[in-house]
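Working notes, structure below.
In what follows, chains are A, B, ... by sequence order, proteins preceding strands, each numbered from 1.
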Amino acid sequence: MLLETCSTAAEVLRALPLAIKHGLHREYLFHAVLKGHAQGSPLERTMAFFAEMRLAEVRPVVYNLTYLFKAAADRSNLRRGREIHAQLIANGFSGNVHAATAVVNLYAKCRRMVDARKVFDRMLERDLVAWNAVAAGERPDSITIVAALPACADLGSLKAGKSIHAHSIRAEFSSLVNVATALVGMYSRCGALATARLVFERMRAKNVVSWNSMIDGYAQGGDAEEAMRLFEQMLAEGIKPTEVTIMAAVHACADLQDLEMGKKLHKLVAELGLSSNVSVMNSLIAMYSRCRRVETAVEIFEGLRQRGTATLVSWNAMISGYAQNRCGGAALELFRMMVAQRNDAVQPDSFTLVSVIQAVAELSAPPLGNVYVATALVDTYAKCGGVPLARKVFDLAARSTRSTKCGAAAPRGPTRSPSCASSPPAATRAGARGAAGIRRYEGGLRPCAGQDHYSAMVDLLGRAGRLREAWEFIEAMPAVAGISVFGALLGACKIHRDVGMAEKAAERLFLLEPADGGYHVLLSNIYAAAGMWPEVARVRRDMERKALRKNEVHTFFSGDTNHPLKERIYAKLEELMEEIKAAGYVPDASSVHDVEADVQEQLLITHSEKLAIAFGLVSSAAGATIQIRKNLRVCADCHTATKFISLVTGREIIVRDVQRFHHFKDGRCSCGDYW
DNA sequence: CTACTGTGAG
């Protein structure tokens, strides 16, 4: 009871006389308080107490430091971990098995396996615990099994995971909570959500981590609805969520763009005392950005920045938030601030780069005309071993920056969306420009992690109409171009109505067998826009052959005449067109080009959303909400038409396109006509 | 009195 009231060294010192009277040692008291901090306080608080303790000349003992290591490892705080490692060496504890094991664990958790192995190899005495820390036990116990399962998930090897599952059953470990939980995690990260759920449901005893693994499995696996259902169930069962639970739920909320639920979670974060948890706050930044509440995201980000707790992830979340919400100017401004503040811990990485490229693409700045982007790209490709590509980007950049200098990304005044009013504060802008900042990139970027920045780059080149360059860019990529890269090219071909390039892109794309039928629809629409009807039909047949039609929903294509209810659908459509025209709808032909007016209107009328809405109207109960999922972005004409349809039919219509939800009601859309 | 495992933000 004495200890519970002390949290600073001064308080401990004040309590000392009383403690000594009770027969407690001075050291013991400090160590007990430190342990309390390590288990419950933020790492910084724990470190501060440790420093105070040293000032009070309390000699640390081995297990003080092991607690500190655990605190640092749990939060993957490598920098602090290294500091404690130095303390440990300075105090002559490096020979201790427990301490050394904690160091191995720290490096392993922070994904520094080389460092982990170095410390491990230098250990004179090793026990099973130490072996487990490098996940290489010879006679595996249950903890070794638990440690091996995430490795299967990392490798994406369901086969290896299953064989370990079998082994754990033979060794009679499989019903241990930790083993079962690790199995849930392994199955869900390998995409076997149904199996994960089965293991989860069969668990006799579940703990928070079990719930977290299952909920996050759904959240990361794309089933946000199920993630939220399970989250609600967890709360209903009276289990107190942790920061991990919250982050998974926030992620799911962002996916659903469910702002109301997002706000509830934000409140819950405060109630749970998690407002100082940077990771949680970062997930909220991303959630608000996806729900188009950039202002709220900025508030949170600025709060973190002012407290000095913003991390690289925070900056990336905010820059990405701006980019997603078409605030390209603000995104680039924040990017410049990031570079200018000269904080080594917060310098751009490949995540940042993706958002920056998106921002440049959106601003229609000359491709590669932005010297920041270009420099970052050159650096990245050179590091990936793509020297010829780096050279090419460099040449292009040199050519196009001659006229634009650094100015391509200069603030462009008020940006298009009202939500962009919240641009970064001006205080830290000074000195953000110029070559000095760019030099900071040297050595600053890690080699490309995924395909995202390649597809962003292809999108950038493609939108600017530089389709040939985009193609050359893909050919020169040091990595194998994936679905998203060719998808971006195909999208650009749609914008610029380049059938030839579209065919080239589609050929390569379809070899990769995308599960999403949207790309076939995209190609079909490109043909349709060019009036190439036999080709439209060919793509449709191709899709049917590949069974790409989604079976759980009714799927429609532009110009679809194949549905069993087609007569009723087309009749309904005609009726609707009459009604909405009477209500003031004027077809907007800007998304269909180069065909005669009557053909134009015919194309517009038979756009797949309109077909789907008509089907929804003829096949659902009166007054029911109609839900539509679109695998491309909704076109301007369909958007307008849907507003009118919601007005004349009194129905709510919810369209979810690749970008976001559109909630149509009484002639208005939740997106405020901005998407 | 301790160490090793399972969930984790952009």
Side-chain angles (χ1 to χ4, degrees), chain A residues 28 31-32 34-35 38-39 61-67 69-70 73-76 96-106 108-109 120 126-137 140-151 153 173 176-186 188-189 203 206-217 219-220 241-248 250-251 254 274 277-287 289-290 297 301 304 310-321 323-324 348-355 449 452:
Chain A
Y28 176 74
H31 296 160
L34 182 80
K35 180 180 171 184
Q39 287 168 350
V61 288
V62 174
Y63 65 84
N64 288 153
L65 292 161
T66 56
Y67 278 126
F69 274 122
K70 192 165 164 45
D74 278 350
R75 293 159 181 81
S76 293
N96 182 285
V97 207
H98 292 172
T101 305
V103 181
V104 172
N105 177 47
L106 165 85
K109 270 253 174 93
F120 179 77
R126 296 177 197 128
D127 55 13
L128 182 60
V129 175
W131 281 99
N132 279 339
V134 284
D141 66 358
S142 68
I143 290 179
T144 318
I145 286 180
V146 170
L149 285 167
F173 287 144
L176 296 177
V177 186
N178 294 351
V179 175
T181 300
L183 284 168
V184 170
M186 181 277 293
S188 54
R189 281 177 59 208
M203 287 175 75
K206 304 178 180 81
N207 61 24
V208 221
V209 183
S210 326
W211 285 90
N212 290 351
S213 304
M214 195 64 247
I215 294 171
D216 193 60
Q220 305 283 346
T242 69
E243 68 269 36
V244 179
T245 327
I246 298 294
M247 286 188 279
V250 169
H251 185 108
L274 291 172
N277 185 307
V278 193
S279 303
V280 169
M281 297 320 271
N282 290 343
S283 72
L284 287 175
I285 293 174
M287 183 275 295
S289 298
R290 282 218 65 193
F301 174 72
L304 293 177
T311 62
L312 173 60
V313 177
S314 320
W315 284 79
N316 281 349
M318 197 60 248
I319 293 172
S320 162
Q324 281 171 43
D349 67 357
S350 48
F351 260 103
T352 328
L353 190 54
V354 174
S355 309
D452 284 358

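- At a threshold of 4.5 Å between non-hydrogen side-chain atoms, the residues A/L304 and A/I285 count as touching.
- Side-chain atoms of A/S213 lie closest to B/dT7 of the nucleotides B/dT7, B/dG10, B/dA9.
- For the residue pair A/T181/A/N178, the side-chain donor-acceptor check at 3.5 Å is not satisfied.
- Side-chain to base pairing of A/S279 with B/dA9: one donor and one acceptor N or O lie within less than 3.5 Å of each other.
- Contacts of A/L312 with the nucleic acid, taken as non-hydrogen atoms under 4.0 Å apart, include base atoms.
- Here the C1' atom of nucleotide B/dG8 and the CE atom of A/M214 are 16 Å apart, to the nearest Å.
- Within 4.0 Å of A/V280, counting heavy atoms only, lies no atom of the nucleic acid at all.
- To the nearest angstrom, C1' of B/dA9 lies 12 Å from CE of A/M281.
- Between the side chains of A/N207 and A/S210, at least one donor N or O sits under 3.5 Å from an acceptor N or O.
- Side-chain N or O atoms of A/D216 include none that pairs as donor or acceptor with a backbone N or O of A/A219 at under 3.5 Å.
- Note: CD1 (A/I143) to P (B/dC4) measures 9 Å, nearest angstrom.
- Straight-line distance from the CG atom of A/L176 to the P atom of B/dT5: 16 Å, rounded to whole Å.
- Per the geometry, CG belonging to A/L304 stands 16 Å off P belonging to B/dA9, to the nearest Å.
- Among the atoms of the strands shown, only primed sugar atoms or phosphate atoms (P, OP1, OP2) are found under 4.0 Å from some heavy atom of A/A286.
- Distance CZ (A/R189) to P (B/dG6): 10 Å, rounded to an integer number of Å.
- Across all strands, A/N178 comes closer than 4.0 Å to base atoms (heavy-atom distances).
- Atom CD1 of A/I145 is separated from atom C1' of B/dT5 by 11 Å (rounded to the nearest Å).
- Between B/dG10, B/dG6, B/dG8, one nucleotide has an atom nearer to the side chain of A/V146 than all others, and that is B/dG6.
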Is there a side chain to side chain contact (heavy atoms under 4.5 Å, CB included) between A/H98 and A/T101? Walk through the geometry before answering. CA-CA 5 Å; A/H98 292 172; A/T101 305; 5.7 Å; no
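- In this structure, A/H251 places its NE2 atom 6 Å from P of B/dG10, rounding to the nearest Å.
- OP1 or OP2 of B/dG10 has not a single side-chain nitrogen or oxygen of A/Q220 nearer than 4.0 Å.
- Closest to the side chain of A/V209, out of B/dG10, B/dG6, B/dG8, is B/dG6.
- At a threshold of 4.0 angstrom between heavy atoms, the contacts of A/N207 include nucleobase atoms, whether or not backbone atoms are also involved.
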